[in-house]
2 protein chains.
Amino acid sequence: MSPTPQQRRAARHQLDPSAPAARRGPSGRRKKPITVEAIISTAFDIVEKEGYEALTMRRVAAALETGPSSLYAHVVNKEDLDELLIGRLCAEIELPAPDPATWRRQLIDVCTQLRDQYLRYPGISQAAFAAAPSNLDTLRVSEGMLAILLAGGVDPQTAAWTIDALTLYVNAHSLEVSLAARRSDEAWVRSRDEMLNRFAALPDTFPQTKRYAAELTAGTTHDRFAFTLGLMLDGLPGQPSLA
Amino acid sequence: MSPTPQQRRAARHQLDPSAPAARRGPSGRRKKPITVEAIISTAFDIVEKEGYEALTMRRVAAALETGPSSLYAHVVNKEDLDELLIGRLCAEIELPAPDPATWRRQLIDVCTQLRDQYLRYPGISQAAFAAAPSNLDTLRVSEGMLAILLAGGVDPQTAAWTIDALTLYVNAHSLEVSLAARRSDEAWVRSRDEMLNRFAALPDTFPQTKRYAAELTAGTTHDRFAFTLGLMLDGLPGQPSLA
DNA sequence: TTCTACTTACGAACAGCGTTCGTGTCAATG
DNA sequence: CATTGACACGAACGCTGTTCGTAAGTAGAA
């Protein structure tokens with residue numbers, strides 16, 4: 001009995017990642033035999049070049065020079081493929097050894113790595129929302145964040161919920177940036193001028209928005225990202241960070 | 001020349017919301033003539049009962065006892081419909097008169113209203129991500145939030161970016177809760193027990209996660225929501241709130 | 001009244017999506 | 001050689017958003 005894709009998934013979710021299930025002889029029947037690995041990597045290629053919205057089963061199959069049905073022997077679902085992508089993405093994250101002296105900086109670094117990965121594959125954070133948090137790779141990241149927070153002297157309950165808040169925000173921010181970038185490929189300043197004009201033309205029922213239009217449109221997306229992370233971490237009652 | 005849906009949309013985006021453009025005689029040709037209003041309200045019905053994923057043009061058309069093409073005379077797009085829904089949703093938000101003594105509480109109230117609306121129509125926050133921020137109704141909400149923050153003594157730049165962070169988080173939180181609820185309709189405790197078991201069975205490479213499994217799975221979604229809002233607002237260098 | 005102009009409604013169709021089914025094809029085994 | 005089992009894949013189903021051509025009915029003009 002050959003493993004059904006469901007069994008493959010179950011194996012992936014297995015909590016003890018031992019027994020790599022030695023791949024059968026590389027039956028070189030096909031020049032490039034379809035493997036989960038091949039599917040994942042071509043999927044990443046597509047998302048990187050054309051965005052997450054372009055990631056369809058048919059598109060992946062076409063890139064692999066086959067029909068869509070061929071994928072379902074290796075992957076349960078599109079949803080499953082999404083989860084694999086997110087897992088792979090999280091696996092790339094480098095987790096530092098927790099250092100009580102610089103825990104805030106460390107946490108920000110991890111979040112920034114995540115954001116960069118999400119933005120490298122625009123729109124993929126959409127998949128991160130749906131991905132089950134039981135995935136081993138995502139769990140590895142949150143384990144790392146938890147370790148950093150605990151090393152920083154944050155109490156466990158606060159740390160746990162802070163991780164939730166952080167990952168949720170990173171996801172959302174990345175998604176928004178991706179969507180906004182897709183909406184207008186032009187430089188951002190152009191969009192900012194447009195925004196300023198709109199705000200200036202607003203009726204008087206929007207006094208504050210008109211008055212502080214400059215502040216509302218100020219800063220790059222990176223600035224806003226750093227600001228929000230600071231907002232969440234600075235209020236944290238932990239050991240004061242040196243950096 | 002009758003207004004094309006594009007023109008209708010432009011009119012909606014118009015910055016001065018005057019001249020209600022007196023509706024033409026209610027040519028009662030149809031028992032229930034299709035109007036933008038009718039489309040919006042049936043769309044809300046569908047989302048409320050079956051979730052955002054069930055909101056399709058055909059589904060709306062069927063509920064209106066017509067074909068899908070009939071909708072495109074009143075609505076540009078599905079995307080346009082989404083924006084209308086988000087706009088309507090934001091219009092329901094009650095904005096308090098800013099009170100410097102209770103500004104944090106007021107802000108939390110507004111965010112909670114938003115969350116409750118999003119959760120009432122599960123999954124609709126997905127549309128909120130894509131919605132252009134130039135929409136008048138969403139702008140009204142952020143104007144209200146800005147006023148509250150300024151009244152609280154928060155400096156304008158910080159206030160502007162805080163609004164961004166807050167709305168983004170509220171959206172993301174609502175979306176996650178909606179998705180999680182759809183995944184398993186069963187009571188949450190069941191899912192929590194499952195989570196605890198999984199964590200307990202984790203290999204030793206996840207020491208913190210195993211150790212603090214209780215904290216990681218503690219609290220309702222409401223608890224986490226309140227926690228994160230507090231995280232963002234308590235660190236804010238503004239006038240200390242009485243409440 | 002009759003004719004025209006115009007708005008609104010809608011059936012049919014197109015291209016694309018995720019997914020399933022039945023069948024074909026090859027390698028290794030009995 | 002024959003059989004088995006894993007893998008690949010063409011074709012199809014039901015769904016999606018959207019467009020097009022056309023019909024129906026009202027409003028105004030001649």
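Predicted model, so just to flag it, every value in this text is computed and none were measured. Every chain is numbered from 1, with letters handed out A, B, ... down the list of sequences.
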Using whole Å, what does the distance between atom [atom2] of nucleotide [N] and atom [atom1] of [X] come to?
| X | N | atom1 | atom2 | answer |
| --- | --- | --- | --- | --- |
| A:Leu64 | D:dC7 | CG | P | 15 Å |
| B:Asp82 | D:dG17 | CG | C1' | 12 Å |
| A:Asp80 | C:dT20 | CG | P | 12 Å |
| B:His74 | D:dT18 | NE2 | P | 15 Å |

Under a 3.5 Å threshold, yes or no: a donor from one side chain and an acceptor from the other, between [X] and [Y]?
| X | Y | result |
| --- | --- | --- |
| B:Thr42 | B:Asp45 | no |
| B:Ser178 | B:Tyr118 | no |
| B:Tyr72 | B:Asn77 | no |

According to salt bridge (charged side-chain N to carboxylate O under 4.0 Å, His left out), does anything in residues 114-134 of chain A pair up with another residue at least two apart or in another chain? List the pairs.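 Those involving residues 114-134 of chain A are A:Glu48-A:Arg120.
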
B:Ser70 side chain N/O closer than 4.0 Å to the phosphate oxygens (OP1, OP2) of C:dC10?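 So the side-chain polar atoms of B:Ser70 do come within 4.0 Å of the phosphate oxygens OP1 or OP2 of C:dC10, strictly under.
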
Could I get the full list of salt bridge (charged side-chain N to carboxylate O under 4.0 Å, His left out) partners for B:Asp164, not counting sequence neighbours?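 Scan of B:Asp164 (salt bridge (charged side-chain N to carboxylate O under 4.0 Å, His left out), adjacent residues dropped) gives A:Arg224.
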
Is the side chain of A:Arg198 donor-acceptor paired with the backbone N or O of A:Asp193 at a distance under 3.5 Å, no angle test?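 Side chain of A:Arg198 to backbone of A:Asp193, a donor-acceptor pair under 3.5 Å: no, none is there.
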
Going 5' to 3' through nucleotides 12-19 of chain C, assign each nucleotide B (protein heavy atom under 4.0 Å from a base atom), S (under 4.0 Å only from sugar-phosphate atoms) or - (no protein heavy atom that close). BB---BBB

